[in-house]
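The structure appears right after this line, and notes come after that.
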Amino acid sequence: MASRNKQKARKNATRKISKKKTATVAPANDAARIIAAIKRIPRGKVCTYGGVADVAGLPRRARLVGTVLRQTPASRGLPWFRVINASGRISFPLGSDGYARQRKHLENEGIDFVGGRVDLDRYGWPPREKLLDELVWGPG
DNA sequence: CACCCGGCGGCTG
DNA sequence: CCAGCCGCCGGGT
């Protein structure tokens with residue numbers, strides 16, 4: 001409850017600050033940052049949608065990560081399959097082709113599924129502690 | 001401008 | 001753990 005109020009407060013604050021709305025800066029580069037962030041996920045690790053957004057410098061844009069991924073044609077350099085949701089699950093419907101492909105890729109990299117989920121404490125990237133430090137202290 | 005809908009995330013019951 | 005609900009924010013109608 002408190003958290004929702006906090007989010008609402010943040011939203012109102014954001015509105016007030018950005019009321020000018022000047023440019024609307026077409027976020028084509030947002031997609032580029034998201035792709036770059038995904039490319040950084042190490043082999044054998046996974047990152048959540050929200051995590052990718054954070055690494056890309058776009059906090060709270062988890063859904064945008066999903067949108068970009070959905071619209072981005074699979075290319076060989078992009079480890080799209082290392083992006084899963086915050087519950088440690090693959091976000092495609094169970095039984096779909098996409099689900100099967102993604103899971104196979106991950107298992108091929110040695111990632112272990114228990115009850116249909118990945119243990120983020122073990123396979124999550126970046127490590128939670130590092131992420132917090134960077135959020136608070138900045139990189140370096 | 002008003003809705004509607006997501007490869008999401010947090011919290012609650 | 002699961003189901004819902006809600007908040008967020010881009011994109012499409």
Side-chain angles (χ1 to χ4, degrees):
Chain A
M1 191 65 78
S3 173
R4 274 210 279 272
N5 291 334
K6 196 181 282 183
Q7 286 187 111
K8 187 173 287 188
R10 179 181 44 64
K11 175 183 177 183
N12 291 333
T14 299
R15 284 224 174 115
K16 205 173 279 189
I17 292 168
S18 59
K19 192 170 56 147
K20 273 183 250 206
K21 83 99 184 119
T22 8
T24 318
V25 195
N29 33 23
D30 286 1
R33 306 175 70 145
I34 287 168
I35 297 300
I38 292 171
K39 286 183 179 175
R40 294 180 52 188
I41 308 170
R43 181 185 170 81
K45 296 285 184 179
V46 296
C47 187
T48 65
Y49 290 86
V52 169
D54 287 341
V55 170
L58 302 167
R60 296 184 297 287
R61 307 291 172 77
R63 298 198 81 140
L64 182 60
V65 174
T67 302
V68 168
L69 230 30
R70 178 168 26 95
Q71 306 175 336
T72 301
S75 69
R76 255 210 311 156
L78 187 69
W80 57 271
F81 50 87
R82 296 186 188 134
V83 185
I84 64 179
N85 66 37
S87 302
R89 299 178 198 269
I90 286 171
S91 284
F92 286 119
L94 187 55
S96 65
D97 286 2
Y99 183 97
R101 272 198 300 277
Q102 187 168 5
R103 177 155 175 165
K104 185 167 236 176
H105 273 295
L106 295 176
E107 288 180 330
N108 284 344
E109 296 193 343
I111 292 176
D112 182 34
F113 279 74
V114 179
R117 26 169 44 202
V118 170
D119 180 354
L120 292 176
D121 288 333
R122 185 174 171 195
Y123 298 107
W125 178 90
R128 185 159 166 56
E129 194 174 316
K130 176 181 179 186
L131 180 58
L132 281 179
D133 279 355
E134 290 196 359
L135 285 175
V136 175
W137 300 106

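Because the structure is a prediction, the values reported are computed rather than measured.
Taking the nucleotide of DNA chain C with the nearest heavy atom to each of A/Gln71 and A/Arg117, the more 5' of the two is matched to A/Arg117.
Residues A/Asp54 and A/Pro59 come closest through the heavy atom pair OD1-CA, 3.5 Å.
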The dot-bracket string of DNA chain B, counting Watson-Crick and G-U wobble pairs with both distances under 3.5 Å, using [ ] for crossing pairs and | for pairs to another strand, is .|||||.||||||
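Closest to the side chain of A/Tyr49, from the set B/dC8, C/dC9, C/dC1, is B/dC8.
Contacts of A/Arg63 classified as side chain to side chain donor-acceptor pair (under 3.5 Å), with partners at least two apart in sequence or in another chain: none.
Atom pair A/Ile84:CD1 and B/dG9:C1' shows a separation of 14 Å (rounding to whole Å applied). If you take CG of A/Leu120 and P of B/dG9, they are 10 Å apart, rounded to a whole angstrom. Here the C1' atom of nucleotide C/dG10 and the CG atom of A/Asn29 are 14 Å apart, to the nearest Å. Rounding to whole angstrom units, CG of residue A/Leu58 and C1' of B/dC8 are separated by 14 Å.
Residue A/Arg61 places at least one side-chain N or O under 4.0 Å from the OP1 or OP2 atom of C/dG10. The side chain of A/Arg89 contributes an N or O atom lying less than 4.0 Å from OP1 or OP2 of C/dC2.
Heavy atoms of A/Arg63 sit under 4.0 angstrom from at least one base atom. Among the atoms of the strands shown, only primed sugar atoms or phosphate atoms (P, OP1, OP2) are found under 4.0 Å from some heavy atom of A/Thr48.
Going from atom CD of A/Gln102 over to atom CZ of A/Phe81 covers 8.5 Å, rounded to the nearest 0.5 Å.
Under the 4.0 Å criterion applied to side-chain N and carboxylate O atoms, A/Glu109 and A/Lys45 are not assigned as salt-bridge partners.
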